[in-house]
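The residues of the chain are indexed from 1 along the displayed sequence. Source: prediction; values computed, not measured.
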Amino acid sequence: MQNLLSLLPKIDNILKHKDFSHYNPVLLKQIAKEVLQDIRKKILQKTIATTPRQEEIFSCIQKKYHQITTPSFQPLINATGIVLQTNLGRSIFSPSIIHKSLPLLSEYNNLEYDLIKGERGERYTHVKEIICALFECEDALVVNNNAAAVMLIINTFAKEKEVVISRGELVEIGGSFRIPEVIKQSGAKLIEVGATNKTHLKDYQNAINEETTMLLKVHQSNFSQTGFVQHVDFKEIKELAQKHNIIDYYDVGSGYIKGISCNEPSLIEIAKLSPSLVSFSGDKLLGGPQAGIIFGKTHLIEKLKKNHLLRALRIDKISLIFLQETLLAYLHNSLQEIPTIALLNQDIKEILQKAKDLLELLKNLKNFSTQIIPTASKAGGGSLPDMIFDSYAIALQHNHKNVQSLSVKLRLQGLIARIKNNQILLDLRCINQEHFAKIQNILEDLD
Ligand SMILES: *Cc1c(COP(=O)(O)O)cnc(C)c1O
């Protein structure tokens, strides 16, 4: 046995070997040690009777090394029909937005540099005017995401003070972001009013005292209530706040501007009410990068900018560049540049045609049964919970493989599908012609 162990290559020789000359030495050493240790254990436990050959050991090290150094991020085909899949990265970008943004990343830029004065500028100036033009508002500020916007606003204006909110709006957004917790974390006292299903204006009115600094309305975003339900319109909340000289703040969340026919409150309509503060996400219905967009009254935005917390919550330059281009697309009414809008607006005939074209490519599969069925896509990302977007899917079944194991195999090949009624559904909404060949290959391999 000692003999077998002595035949193992020495760590130092592995590290010096030409096969590994391009390898990171620290990682290589770590992996080589693990591999050798594993073999030593097997020899001692007598689960192997001979020492593996050097090539086998090297190949094992190489495999482990590549596993660790291959980027874990990978592109996926979204066949779920959910346009804003938070787990799949929410919004995607069009080639035109990427094309316009890229040169700013490979060169220095004026992120915080005032070219006229030749001195330090503000990163927010790049989008402020565009946001003000879109919403006809006084001022704007952008931060890392909408959760950060909520924190910044509450912390700036309501620390050790009271914020009034309806019990019907104490929402939880995916990833355990809960409005009540965020408000407490921001140092404010939460005053809940009304009942889960019904809140009246007088509930807000009765809660206002000297400690109240803000009436907060939170868009329900990811759920809806039906039946015996009543909520107070933001317009009335705004008027009440104004009468008491306190702040009205509407956290709209999904941030719908225009381009989709839906019953979501449009930010343009909300902006017409001249609210104190509004915030929304950059990567939900807006279809841009992760960001929290805040607009409203100048004197309040100025105060937000003075809060030191802003430094920790600030938006990074990459997101800011993509946000600028996305907002410009809205300003120019060039909505075809926003994939989120284009995907949600797709004509049903176009989706059906894609389904037929893909089905044609799959006609030689032997063990799969394939058929086109009508289905319903969703907006997702905590947006438009009630809206169903008619769509078409290719329903798949395999003669021998069950749908569960099949869906895992598809997933590992980068095709994310839905299971319904013991069938795999490939919803064509977020699939385009460029994905067809890959889908065909994946299915032929599994046939
Ligand atoms: C999504 C959402 C948030 C959080 O926004 P992120 O951009 O994901 O941080 C906050 N409030 C509401 C109402 C939301 O819908």
Quick one: does any side-chain atom of [X] pair with a main-chain N or O of [Y] as donor and acceptor, under 3.5 Å?
X    : Y    : answer
Q423 : A395 : no
T213 : F157 : yes
Y330 : L286 : yes
Y65  : N24  : yes
D248 : S276 : yes
D233 : E236 : no
N307 : L304 : no

In terms of side-chain geometry, is the basic nitrogen of [X] or [Y] positioned less than 4.0 Å from the acidic oxygen of its partner?
X    : Y    : result
E337 : K100 : yes
K128 : D139 : yes
K243 : E239 : no
E211 : K189 : no

Is there a side-chain contact between [X] and [Y], using heavy atoms and a 4.5 Å cut-off?
X    : Y    : result
I293 : S279 : no
Q346 : L343 : yes
P385 : Q220 : no
I165 : V218 : yes
S166 : V232 : no
I183 : P180 : no

Checklist entry - Between CZ of F20 and CD of Q62, what distance do you get to the nearest 0.5 Å? => result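 The CZ atom of F20 sits 5.0 Å away from the CD atom of Q62.
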Item to check | Closest non-hydrogen atom pair between T212 and A207, with its separation | outcome: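 Looking at all heavy atoms of both residues, the shortest contact is OG1-O, 3.6 Å.
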Checklist outcome for this item: Tightest non-hydrogen contact, residues Q371 and L359, listed as N-CD1, 4.2 Å
Item to check | Parallel, tilted or perpendicular: rings of F135 and F280 (30°, 60°) | outcome: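 The rings of F280 and F135 stand perpendicular, inter-plane angle above 60°.
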Atom [atom1] of [X]: over 12 foreign heavy atoms under 6.0 Å:
X    : atom1 : answer
Q185 : CD    : no
H66  : NE2   : yes
K41  : NZ    : no

Item to check | Pair F389-L384, side chain to side chain contact (heavy atoms under 4.5 Å, CB included): steps then yes or no | outcome: CA-CA 10 Å; F389 295 81; L384 312 176; 3.8 Å; yes
Next on the checklist: Here's a test for you: under side-chain contact (heavy atoms from CB on, under 4.5 Å), which of S383, S266, S91 qualifies with L285?
Outcome noted: S383
